[in-house]
Amino acid sequence: MNAFKNSLDNPSLQTLFNGHPDLQVDQNKGLLFKEANLTEIANQVGTPTWVISADILQTRYRRLVEAFINEQLNVSIHYAIKANGHLAVLDLLAKEGAGADIVSGGELKRALAANIAPAKICFSGVGKTEEELRLALQEHVGQINVESREELQMLSRIAQDMNEMAPICLRINPDVDAGTHHKITTGLAENKFGIAYQQAIEIYTEAHQLPNLKPLGYAVHIGSQITTQTPYRKAFSRMVELITQTREKGLSVEVLDCGGGFGITYFNEKESNPQQIASLMKSKLGSLNIQLYIEPGRWLAGPAGILLSRVILRKNNGQDAAPFIIIDAAMNDLIRPTLYEAWHGILPVEASTYKNNVEECHIVGPVCESGDTFARYRQLPILQPGNIIAILDTGAYGSVMSSTYNARPFAAQVMTKGDQYTIIQQRQSIEAMWENEIIPFQKTK
Ligand SMILES: *Cc1c(COP(=O)(O)O)cnc(C)c1O
């Protein structure tokens with residue numbers, strides 16, 4: 001979704017509210033995220049600040065679980081922790097029963113630190129190092145999704161050396177177009193991910209022959225922010241075909257990991273509906289007699305988070321009637337608009353701002369890059385220096401992608417529950433940004 005749409009393509013505030021029922025304006029308190037008072041949080045904690053709602057996370061997780069219960073389908077949910085791996089988020093989801101999908105040794109340690117049982121951890125990723133694979137075997141993770149023949153051989157050798165059995169699935173690239181942004185599509189033959197569909201059985205057979213591997217089945221993950229059923233339908237059909245053929249060769253297939261990628265409403269996309277996903281999985285995969293997994297990241301965490309920021313100043317370049325509203329959050333905090341031209345809804349926070357006339361404006365950060373732009377030609381109530389805004393749907397791929405570019409410290413993070421909030425990450429101090437830096441070659445007397 002292009003961040004640089006003109007005003008005619010941008011939804012009205014009303015449309016934005018319609019698509020975001022967890023946000024409401026209280027005449028006195030201003031914008032509420034569920035019951036949490038965002039004006040109060042911004043004033044007390046400062047800006048920029050990430051807000052994540054425990055209530056929304058929990059509700060969304062439960063909606064997924066219920067959808068599968070309704071279909072009487074046994075599906076284990078592995079939360080893709082790269083979307084938002086904060087320990088508070090992991091702790092909440094772990095207590096709801098979630099496992100974890102991880103993509104690095106660091107994420108493995110993070111998941112363990114949040115007390116996620118190793119048996120519920122699935123290790124994905126196209127380039128796991130020897131050290132990371134050793135850690136995974138040592139910690140006895142439930143499953144390693146292998147993405148190439150080379151990795152399979154490497155893992156067999158390491159497992160032999162450690163005298164461990166490695167439980168594996170092969171990640172298959174089904175060559176299905178997820179119909180999403182090219183930077184978040186992963187299931188096309190041209191992408192680096194997975195084992196080519198045509199080679200799957202050959203390599204799965206090899207997995208049975210190599211020592212110290214325990215082949216469980218297959219995994220597939222075709223991309224992110226997928227808002228239609230078609231790519232899933234195609235990918236599942238291909239996997240059913242593959243599983244049937246594999247079993248005909250006399251090889252057992254006990255697990256199918258269906259990946260993540262369920263889309264959410266940023267702009268006017270229709271978010272993936274858990275009940276529809278569940279019924280599609282039931283109809284396509286229900287008769288396979290197999291353990292099913294899913295790995296949602298964005299769908300669980302995205303709508304549970306917002307980024308609060310304050311207007312520094314208004315500036316008019318004379319060229320264009322629309323002013324630049326320069327805010328104190330930037331691309332170092334939220335890089336998605338810069339990286340993927342992602343569109344994020346933006347709402348004023350204080351009750352008073354909602355009384356202002358609406359104008360067309362550009363919302364930009366202070367970083368020295370033209371790409372540091374959050375929105376172009378948005379219709380928003382007139383914003384003055386000091387006013388607070390909320391950038392919506394930033395719970396996934398938000399804080400986790402932050403950097404300290406331009407020597408801008410990591411923002412604070414809070415978690416809300418009911419009308420309460422608590423700081424879950426202190427704003428980084430300026431000095432902390434260079435505390436691990438070393439100045440070499442200094443003359444000593
Ligand atoms: C990123 C990723 C996910 C999660 O994707 P979402 O779009 O956030 O649901 C799941 N599985 C794998 C292997 C991934 O790389």
Side-chain angles (χ1 to χ4, degrees), residues 1 57 60-61 63-64 75-86 89-90 93 98-104 106-108 110-111 120-128 132 136 141-148 151 168-174 176 178-188 191-195 217-229 231-232 235 239 255-266 269 271-274 277 281 292-305 336 339-340 342 393-401:
M1 205 50 64
L57 272 175
R60 294 183 76 82
Y61 187 83
R63 272 177 66 198
L64 269 186
V75 177
S76 300
I77 302 172
H78 289 170
Y79 169 58
I81 80 173
K82 72 173 189 278
N84 186 334
H86 193 290
V89 172
L90 299 188
L93 292 173
D101 178 69
I102 58 160
V103 292
S104 71
E107 283 194 349
L108 173 52
R110 216 172 233 293
K120 285 189 178 180
I121 296 176
C122 168
F123 195 175
S124 305
V126 68
K128 309 174 196 77
E132 288 174 321
V141 302
Q143 179 181 320
I144 300 173
N145 287 350
V146 172
E147 299 222 11
S148 63
E151 184 180 32
I168 61 135
C169 275
L170 294 188
R171 174 165 175 190
I172 306 304
N173 185 324
V176 164
T180 177
H181 190 280
H182 68 96
K183 284 189 187 166
I184 52 175
T185 280
T186 59
L188 280 172
N191 299 130
K192 67 183 174 185
F193 299 98
I195 289 169
Y218 294 115
V220 66
H221 170 73
I222 53 176
S224 199
Q225 183 55 11
I226 302 169
T227 49
T228 64
Q229 297 256 46
Y232 287 112
M239 296 314 289
V255 168
L256 175 59
D257 180 341
C258 300
F262 313 135
I264 61 172
T265 306
Y266 287 103
E269 313 91 318
E271 87 166 19
S272 295
N273 176 320
I277 296 166
M281 286 176 69
L292 295 168
Y293 296 127
I294 54 166
E295 306 167 342
R298 185 190 311 271
W299 193 90
L300 284 170
R336 296 188 69 258
L339 189 60
Y340 314 118
D393 305 303
T394 55
Y397 308 107
S399 57
V400 286
M401 283 186 163

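Since this is a predicted model, take the numbers as computed values, not measurements. In what follows, residues are counted from 1 in the order of the sequence shown. Note that these values count all heavy atoms, side chains included, but never hydrogens, waters or copies made by symmetry. Both counts, for ligands and for their atoms, begin at 1 and track the order of listing.
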CA sep, side-chain torsions, deciding dist, call: Glu107, Lys82, salt bridge (charged side-chain N to carboxylate O under 4.0 Å, His left out): CA-CA 8 Å; Glu107 283 194 349; Lys82 72 173 189 278; over 6 Å; no
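Between Glu271 and Asn273, the side chains place no donor N or O within less than 3.5 Å of an acceptor N or O (distance only, hydrogens not considered). For Arg298 and Ser224, the side-chain atoms include at least one donor-acceptor pair closer than 3.5 Å.
In this structure, Arg336 is positioned above the aromatic face of Tyr266, its NZ or CZ under 6.0 Å from the six-membered ring centre and within 45° of the axis.
Across all non-hydrogen atoms, the minimal contact from Ser272 to Pro274 is O-CD, 3.6 Å.
Partners of Tyr397 by ring-ring contact (aromatic ring centres under 6.0 Å, His included), not counting sequence neighbours: none found.
Listed by chain and number, residues touching ligand 1 at under 4.0 Å (heavy atoms only) are Ala80, Lys82, Asp101, Ser124, Arg171, His221, Ser224, Gly260, Gly261, Glu295, Pro296, Gly297, Arg298, Tyr397.
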